[in-house]
Novice: 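First the structure, then my questions, so here it is.
Since the model is a prediction, treat every value here as computed from it, not as a measurement.
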Amino acid sequence: MSGQTSRKRWLWPLNLAAYDRNPALTEEEKEVLAAFDRQRQTGNRRAPWFTQMWEALPRLMQPLCDASDFLEFEPHQRNPVVAAFLQKMHQEQVSYWALSGANWAACFWRDHGRTSVARYPLLSVLYLLDLLDDWSGMKQSPFARLAQQIFGQKLFQESMARVSQALREQGYSEFSATRSFLPLILGRVLLEQRSPYLEDISVTRLQRLYGTIENANHRVAVRRLAYALFVLEVIPEPISPPKDDTYSSISGMTDGIHPDWVALSRRWMETSTYRPETRKAYYRKLLQVGRWLAATHPEVASPADWTRDLAVEYIAMIDDMRVGDWTYGYRSDKVGNPLRPNTKADFIAVMRIFCRDCQEWGWVRLQLDPGRSFSVPGAILSKIGPAPRTIADEMWAKIMWAGLNLQPDDLLFGRDRAFEGAAYPVEMVRALAITWLFSGLRVNEIRRLRLGCIRWQAEAETGQDVCLLTVPINKTSGEYVKPVDPLVGRAIDAWHRVRPVSPPMWDRRTGEEVQFLFAYRAVPVGRQFLNKVLIPLLCHKAGVPVTDTRGRITSHRARATIASQLYNAREGMSLSELQAWLGHRVPESTQHYVAVSAAKQAEAYADAGYLANNKRLVEVLIDQDAVRQGRAQAGEPWRYYDVGHGHCTYDFFDQCPHRLACVRCRFYLPKASSQNQFLEARRNLQRMLQELQLTEAEQEAVEDGVVVIDKLLARLVDVPTPAGQTPREIATGAGQPGDTRENQP
């Protein structure tokens, strides 16, 4: 069926150049028409009038009769049409060749309503005489029936059948492929191109028609017809939805704002190089600022009029601002709530950027420094920090189960099951769901994934294939490749196998013509499909609410949930690995997505060995009497460290290399001594705990016991003690121990 071309062209059935198309009426013609009108008014018009008019007005009657003969009109169809032409010429006092299409359309609707037998025959004759070049005056659309009368029912039905078959092959329902205003639009296109053959339709004609139609249903039908012709290879590309007008404003949105402020704001938006969505958001915020200025400072019309005092007042206003303030037609259940700190910072940043650019581009001369005057206060910045809105693990597990077990009947959630099937094929929705559940991508990145984004790489160690996903350019990084679960690759491959043919489409971020993966019927997946359709569908199937304690479950919350689970796993990813996997430019961005779980913290705390590996508590005895009476200053021991079998009186015990393997130098007091018993019995001794930082060797000694202690003793055998002797000298009795208290560090 595709690629067919018409072997013959439809020829105009009437030779209009052979007729006398003088727009003026002769006096004799006027008299004949006046007599005919008198007969009509008196009701004395009988059958012979047609013959009389033929004989009296041959140049005017010949084209009407030729058109009637071509259309095979019976007398009861032909006579009312001819009478309508004669009556109109008498009223206008010109021939019908002088009347415009709009004039004839008005005549058609006023004098020949629904019940008139001359309704469609009159239109057919007007069309054949090339008098109906303007369809705008028609309140209804008789194009399908008119096309069948002009071109014949057989030719029209053949063209309609080809269009319907192409749409059905692309997954359209029977209703969408055969009815739903499609015959009406096809009839109009065929009539305007003056040919019943699809191959004569051009993209330019369809685009022009799409731009002039206001009825939304008719616009959908035009796009549907264009897609069918693209599938049939009649036209090189279908009609894409028009690019969003980033700078268009809702009617009434700029009312009350100073015109100069509106004009400068719009000019800035048309000049700025930010993304279209960002420019649109900034433009709306600038209009909100304009409303505030109009209410409080009507004399301020541009950034040149701003002073430092006004900037301070503006920041104070933003700090107290509520949702819905200074907006136009804003409706939300959040109206009246305080602005979030991020939103406050955005409002301040908008004015900083706007004023800076207007000055740098030479549009205005400012009285203030935008960088300093519109800096975000510390009180607001302190409230901005990482706060990942993760989804509870048990809820996320149920949603994941729903996505993995998605069935065709699930897609009818919220739709009329008796009317029409799902908007998208189940393979596409399943691939979208699994990509969302496992890839950790932003919604815009999912929508902009391209054909061929999945590739498989053999892993040498495991022998399994690793699924790699190519992520397009995004707001924080260029194109990069990330590993994903093989489920993602299999789901995308399944959709790719059944994906209908689709033309390249415009990528708004890169300005390229690309083949989007998630496109259906030449249209990318809707911007709100994930949040407004797919996620509620999965929540319904999983039996979980669409909101939790942190708010509504959205596509971006899944990104934080996946990142947190990958980080908190037993063999979890590090922050640097997560940064690369999420496509962040700086690690600070990754921290906004990672919520460290309590279990992860407890495990890390235990693994850190705070007590077992790093610190040891040593019991210390303090002789308070020695301190109070000054004996400690005279050199008498006053602090006693418990080393198990005795006490050490060395003041800097924590610095002694033999503290865990005491060799019993002159500072050592055995517990069996009477002095030690006296110390234990004294009430004025106070027991305390002191923390010691252990070396790696000491940690090893604590962990490995006697064997390692022996090794430690061997290494320290020649290390001097605080008393001056080495352990070897103490053991052999060699060396003269000196009093090293004077040399203590």
Novice: Is the shortest side-chain N to carboxylate O distance from Arg266 to Glu270 below 4.0 Å?
Specialist: yes

Novice: Quick one: does Thr390's side chain have a donor or acceptor within less than 3.5 Å of a partner on Ala560's backbone?
Specialist: no

Novice: Any chance CZ of Arg340 has more than 12 other-residue heavy atoms, nucleotides or ligands included, within less than 6.0 Å?
Specialist: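 Result for CZ/Arg340: open.
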
Novice: Salt-bridge test for Glu192 and Arg208: reply yes if a basic N is under 4.0 Å from a carboxylate O, no otherwise.
Specialist: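 Salt bridge absent between Glu192 and Arg208.
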
Novice: Measuring from Tyr424:OH to Leu534:CG, what's the distance to the nearest 0.5 Å?
Specialist: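 Result: 11.0 Å between the selected atoms.
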
Novice: Any pair with a residue in residues 530-548 that passes salt bridge (charged side-chain N to carboxylate O under 4.0 Å, His left out), sequence neighbours left out, goes on the list, sorted by first then second residue, please.
Specialist: Asp410-Lys541, Asp548-Arg557

Novice: Heavy-atom distance under 4.5 Å between the side chains of Leu441 and Trp436, does that happen here?
Specialist: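 Not in contact.
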
Novice: Got Phe230 and Val501 here, is their nearest side-chain heavy-atom distance under 4.5 Å?
Specialist: yes

Novice: To the nearest 0.5 Å, tell me how far Cys453 SG sits from Glu479 CD.
Specialist: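 The CD atom of Glu479 is 10.0 Å from SG of Cys453, to the nearest 0.5 Å.
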
Novice: Would a distance-only check, ignoring hydrogens and angles, find a side-chain to backbone donor-acceptor pair under 3.5 Å from Thr435 to Ala431?
Specialist: yes

Novice: Any side-chain heavy atom of Val429 sitting closer than 4.5 Å to one from Trp495?
Specialist: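 A side-chain contact is absent here, since even the closest heavy-atom pair is not under 4.5 Å.
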
Novice: Check whether Phe518 forms a cation-pi arrangement with Arg447 (NZ or CZ under 6.0 Å from the six-membered ring centre, at most 45° off the ring normal).
Specialist: no

Novice: How long is the span from the OG1 atom in Thr278 to the CZ atom in Arg275, to the nearest 0.5 Å?
Specialist: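 If we round to the nearest 0.5 Å, Thr278:OG1 and Arg275:CZ are 4.0 Å apart.
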
Novice: Could you check whether Arg527 pairs with Glu277 (Lys NZ or Arg NE/NH1/NH2 to Asp/Glu carboxylate O, under 4.0 Å)?
Specialist: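 Counted as a salt bridge, because a side-chain N and a carboxylate O are separated by less than 4.0 Å.
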
Novice: Would you name the heavy atoms of Pro486 and Cys467 that are closest together and state the gap between them?
Specialist: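 Taking every non-hydrogen atom into account, CA-CB, 3.9 Å.
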
Novice: Which is it for Arg224 and Ile185 under the side-chain contact (heavy atoms from CB on, under 4.5 Å) test, yes or no, and what are the steps along the way?
Specialist: CA-CA 10 Å; Arg224 197 166 292 171; Ile185 293 300; over 6 Å; no

Novice: Can you give me the closest heavy-atom contact between Ala402 and Leu538, atom names plus distance?
Specialist: CB-O, 3.5 Å

Novice: Is there a side-chain contact between Val546 and Ile553, using heavy atoms and a 4.5 Å cut-off?
Specialist: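 They are not in side-chain contact.
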
Novice: In terms of heavy-atom contacts, does NZ of Lys398 have more than 12 from other residues, nucleotides or ligands at under 6.0 Å?
Specialist: no

Novice: Do Thr204 and Ser202 have side-chain atoms, one donor and one acceptor, less than 3.5 Å apart?
Specialist: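 There is no such pair between these side chains.
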
Novice: Start with the C-alpha distance between Leu146 and Arg188, add both sets of side-chain angles, then the distance that settles side-chain contact (heavy atoms from CB on, under 4.5 Å), and finish with yes or no.
Specialist: CA-CA 9 Å; Leu146 181 59; Arg188 176 166 181 173; over 6 Å; no

Novice: Measure from the side-chain N and O atoms of Gln579 to the backbone N and O of Arg585, and report whether any donor-acceptor pair falls under 3.5 Å.
Specialist: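 Confirmed, Gln579 side chain pairs with Arg585 backbone.
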
Novice: Is the shortest side-chain heavy-atom distance between Lys383 and Asn342 below 4.5 Å?
Specialist: no

Novice: Considering only NZ, NE, NH1 and NH2 on the basic side and carboxylate oxygens on the acidic side, decide whether Glu445 and Arg442 come within less than 4.0 Å.
Specialist: yes

Novice: Could you tell me whether the side chain of Ile562 reaches within less than 4.5 Å of the side chain of Trp581, counting heavy atoms only?
Specialist: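 They are in contact (side-chain heavy atoms under 4.5 Å apart), so the answer is yes.
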
Novice: Donor-acceptor check, side chain of Ser564 to backbone of Thr561, threshold 3.5 angstrom: yes or no?
Specialist: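 Not a single qualifying donor-acceptor pair exists.
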
Novice: Nearest 0.5 Å, please: how far is CE in Met428 from CG in Leu517?
Specialist: 8.0 Å

Novice: Check for a donor-acceptor pair, side chain of Asn217 on one end and backbone N or O of Phe181 on the other, with a separation under 3.5 Å.
Specialist: no

Novice: Could you check if a side-chain atom of Leu469 sits within less than 4.5 angstrom of a side-chain atom of Leu449, using non-hydrogen atoms only?
Specialist: yes

Novice: Can you sort out the partners of Lys285 under side chain to side chain donor-acceptor pair (under 3.5 Å), two or more places apart, ordered by chain and number?
Specialist: none

Novice: Under a 3.5 Å distance rule, please check whether Arg559 uses its side chain to pair with a backbone N or O of Leu582 as donor and acceptor.
Specialist: yes

Novice: Is the closest side-chain donor-acceptor distance between Gln193 and Asp200 under 3.5 Å?
Specialist: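 Their side chains do not contain a donor-acceptor pair, so the 3.5 Å distance test is not met.
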
Novice: I'd like to know if the side chain of Asp485 and the backbone of Val488 have a donor-acceptor N/O pair within less than 3.5 Å.
Specialist: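 Looks like no, no N/O pair under 3.5 Å.
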
Novice: Keeping Arg389 on the side-chain end and Arg550 on the backbone end, is there a donor-acceptor pair under 3.5 Å?
Specialist: yes

Novice: Measuring from atom CD1 of Ile434 to atom CG of Leu406, what distance do you get when rounded to the nearest 0.5 angstrom?
Specialist: 8.5 Å

Novice: Quick check: closest heavy atoms across Lys334 and Val323, and the distance to 0.1 Å?
Specialist: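 Reported closest heavy-atom pair: O-CB, 3.3 Å.
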
Novice: Roughly how far, to the nearest 0.5 Å, is OG of Ser502 from CG of Leu451?
Specialist: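 Rounded to the nearest 0.5 Å, the CG-OG separation comes to 8.5 Å.
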
Novice: Mind running side-chain contact (heavy atoms from CB on, under 4.5 Å) on Ile473 and Asp507 for me, showing each step along the way?
Specialist: CA-CA 10 Å; Ile473 296 174; Asp507 189 333; over 6 Å; no

Novice: Can you see which heavy atom on Pro524 is nearest to which on Phe516, and at what distance?
Specialist: CG-CD1, 4.0 Å

Novice: For Pro483 versus Leu468, what's the shortest heavy-atom pair and its separation?
Specialist: CA-CD2, 3.9 Å

Novice: Test side-chain contact (heavy atoms from CB on, under 4.5 Å) on Val484 and Phe438; report intermediate values, then the result.
Specialist: CA-CA 7 Å; Val484 293; Phe438 288 91; 5.7 Å; no

Novice: Taking the side chain as C-beta and beyond, is there a heavy-atom pair between Ser195 and Phe151 under 4.5 Å?
Specialist: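 Not in contact.
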
Novice: Quick check: closest heavy atoms across Trp396 and Gln565, and the distance to 0.1 Å?
Specialist: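 Here Trp396 and Gln565 meet closest at CD1-NE2, 3.5 Å.
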
Novice: Return yes if some donor-acceptor pair links the side-chain N/O of Arg450 with the main-chain N/O of Gln515 below 3.5 Å, else return no.
Specialist: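 Such a contact is absent between Arg450 side chain and Gln515 backbone.
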
Novice: Going by atom types alone, do Arg162 and Gln165 pair a side-chain donor with an acceptor below 3.5 Å?
Specialist: no

